[in-house]
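No hydrogens, no waters, no symmetry mates; every other heavy atom, side chains included, goes into these values.
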Amino acid sequence: MGKKALSAAVLATAMLTVAGCSGAGGSADPNETAVAPIDPKSVSGDITVLTNRTDLVQDKTMEKYAAEFNKTYPEVKVKFEGITDYEGEVKIRMNTENYGDVLLIPSAISKGDYPNFFAPLGNAGSMKDTYRFTDKTNVDGKVYGIAAYGTANGFVYNKALWKKAGITEWPTTPEQFLDDLKTVKDKTGATPYYTNFKDGWPLAGQWTNSVGSVSCDTQASDKLASMDEPWGEGTDLNALDTLLHDIVAEKLSEKDPNTTNWEKSKTLLAKGEIGSMMLGNWAITQMRVAAEAAGENPDDIGFMPAPFQQNGQFCATLVSDYQQAVNIHSDNKSAARAWIDWFTEKSGYSAKDGVVSALLKEPLPDNLQEYIDNDVKMVERSEKQTVEVNAIDDAAEIGLGKQDYRRKLIDIARGAQDGSLQDYFDELNKRWSEARKTAGS
C-alpha cells in the first residue's frame, strides 16, 4: 500500500471512529482509557496479541508466557498471531477494526493518528515516572503505547574475525572504520559489512535510530522538525548516510545486495563469514544463539558504537523499539492492558532477551557491559516532536523509517542508479525544505 493510500485509510478509519462504528466490538470513544486492572480476578475475556516475533510463537515461547500470565489472570485467554511481514500486513489490517486487541504500533502510522486507532493508557505526567520512552506515544498529554523494550544502537560484529585481522580497538572515526573494514576484507576474505538490503528493515530503523549518536544530542531527532537541510554538512543524517554510502562504494559489503537474507546473516556473522551489521543491542542475543547453533563461540559476538566521538567520547542512542498498544475497538481493553502490564513488568522478557527494559527501575542488560566499561554515553533520544517530523517526512515522501530511500542510496553507491551522493543529499534536502513549508513549522 502506497503512502497516499495509507493516508486515505487513516482518514477513513478516523471517520469511522468519530461516527462510533464498531466491527470487532468495543467502543471507539477516543476518551476511553485502557485502565490498568486493580483486581486480576475481575478481568476476563479473550484477547489476540499481534507480534513480529514469529520465532517465539512457533517455538511455543509465547504460550509459556501466557501460561505464566494466567497464574495471575486466570480468566483471560490469550491468542498470539506471529506476522512475518508485520509492517506490511498490519497497516493493511488497520483499514478495518480487526487488528488484534494488543499490537505493536506500526511505524507507518503517524503519531498524530494514534488517538484514532489506540486506547489511551494513561497520562504522560504520571507514566513518565515509571516508564522510559513515554514521549514517543504522548499525544496531547495522553500515552498510547508502552515500549516492548528499548535498544541501544551500534554495530554487532564478530570480535574473533576482527582480531584475526589484527584489530582490537574500536574505530573512532568513519575513516578509521572504513580502513578497518578494508583490513578485515584483505586479511580474512570475509565480507566486512552486510547491508540486509533485500529484507530492507535494517536499512530503515536501524540507521535512523542512530540519529543522535553522531552529535551526542538527545534532541537530534526533534530538531529535524526545524531544519531545512537535515542532510547538510555536519548533521547526523549526513554523517550516517555518508558512512553507509562509502561502505558500499568501496566494495566493503556483499557483492549482490539483492540476495541478502536476514535469518541467514545471523549464522554468517556468527561463523565469521561477514564482519559487522548496524543493529540494536537486541540483536546480540539472536547472534549468540546462532553462534551456538553453528558450533561457534557465542562470546565472539561483540557490539561497538558508531565510529563518531564528541570530546573523545563515544555516544550511542537509546531508543524505543515497537510500542505495545490496545486497539481502540477492542471489547476487552482491561484484559489487553493487563497483558501489556504483565509482559512489561513481570514476564522477564527484557532480561532474557538482553534488551533495555521499559521500566526505569531496571538496569541496563548485561550485553551492554562493554559500553559501560568503555564509558559510552547513552543518549536517550527525545521523541517529543515526532508528530511534526512525521508530517514533514510524509509530505516529502522520503520515509526516514522505511527502507526505500536508503536502498536508493546503496544503488547510487554501487552504480546501479545514476547520480552522486551529494546530488542525492541535495535532492533530499530540497524535498524536506519544501515539505516544511506546508507540513512543518
Please examine the side chains of [Y] and [X], heavy atoms only from C-beta on, and report whether any two atoms are closer than 4.5 Å.
X: Val379; Y: Ser213; value: no
X: Phe197; Y: Arg407; value: yes
X: Leu360; Y: Asp129; value: no
X: Met227; Y: Thr235; value: yes

Would one find more than 12 heavy atoms of other residues, nucleotides or ligands at under 6.0 Å from atom [atom1] of [X]?
X: Lys159; atom1: NZ; answer: yes
X: Gln422; atom1: CD; answer: yes
X: Asp366; atom1: CG; answer: no
X: Asp140; atom1: CG; answer: no
X: Asn258; atom1: CG; answer: yes

Look at [X] together with [Y] and state whether they make a salt bridge at an N to O cut-off of under 4.0 Å.
X: Asp228; Y: Arg436; result: yes
X: Asp353; Y: Arg53; result: yes
X: Glu427; Y: Arg431; result: yes
X: Arg337; Y: Asp341; result: yes
X: Arg93; Y: Glu81; result: yes
X: Asp241; Y: Arg406; result: yes
X: Glu250; Y: Lys182; result: yes
X: Asp300; Y: Lys163; result: no

In sequence, state the C-alpha distance, the side-chain angles, and the governing distance for Trp162 and Ser276, and then conclude on side-chain contact (heavy atoms from CB on, under 4.5 Å).
CA-CA 9 Å; Trp162 284 55; Ser276 58; 4.2 Å; yes
Show your working on ring pair (Phe, Tyr, Trp, His ring centres under 6.0 Å) between Tyr157 and Phe303 and close with a plain yes or no.
CA-CA 6 Å; Tyr157 72 111; Phe303 194 58; 8.6 Å; no
State yes or no: are the ring centers of Tyr405 and Trp231 separated by less than 6.0 Å?
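They qualify: ring centres under 6.0 Å apart.
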Tyr73 vs Phe69 aromatic rings, parallel, tilted or perpendicular, using cut-offs 30° and 60°?
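Aromatic pair Tyr73/Phe69 classed parallel.
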Mind telling me whether Tyr149 and Tyr349 have parallel, tilted or perpendicular rings, with 30° and 60° as the class edges?
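Rings of Tyr349 and Tyr149: tilted, as their planes differ by 30° to 60°.
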Verify the distance criterion only: is there a donor paired with an acceptor across the side chains of [X] and [Y] at less than 3.5 Å?
X: Lys377; Y: Gln313; result: no
X: Asn153; Y: Gln206; result: no
X: Asn332; Y: Ser330; result: no
X: Asp222; Y: Ser382; result: yes
X: Thr151; Y: Asn281; result: yes
X: Tyr65; Y: Trp339; result: no
X: Gln385; Y: Ser221; result: no
X: Glu254; Y: Thr195; result: yes
X: Thr172; Y: Gln176; result: yes
X: Tyr99; Y: Glu89; result: no
X: Glu87; Y: Ser107; result: yes

Can you tell which of Asp394, Asn116, Asn390 makes a side chain to side chain donor-acceptor pair (under 3.5 Å) with Ser110?
Asp394
Check against ring pair (Phe, Tyr, Trp, His ring centres under 6.0 Å), Phe155 and Phe177:
CA-CA 11 Å; Phe155 288 93; Phe177 185 75; 4.7 Å; yes
Have a look at Trp201 and tell me which of Trp262, Trp207, Tyr322 forms a ring pair (Phe, Tyr, Trp, His ring centres under 6.0 Å) with it.
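Only one of Trp262, Trp207, Tyr322 forms a ring pair (Phe, Tyr, Trp, His ring centres under 6.0 Å) with Trp201, namely Trp262.
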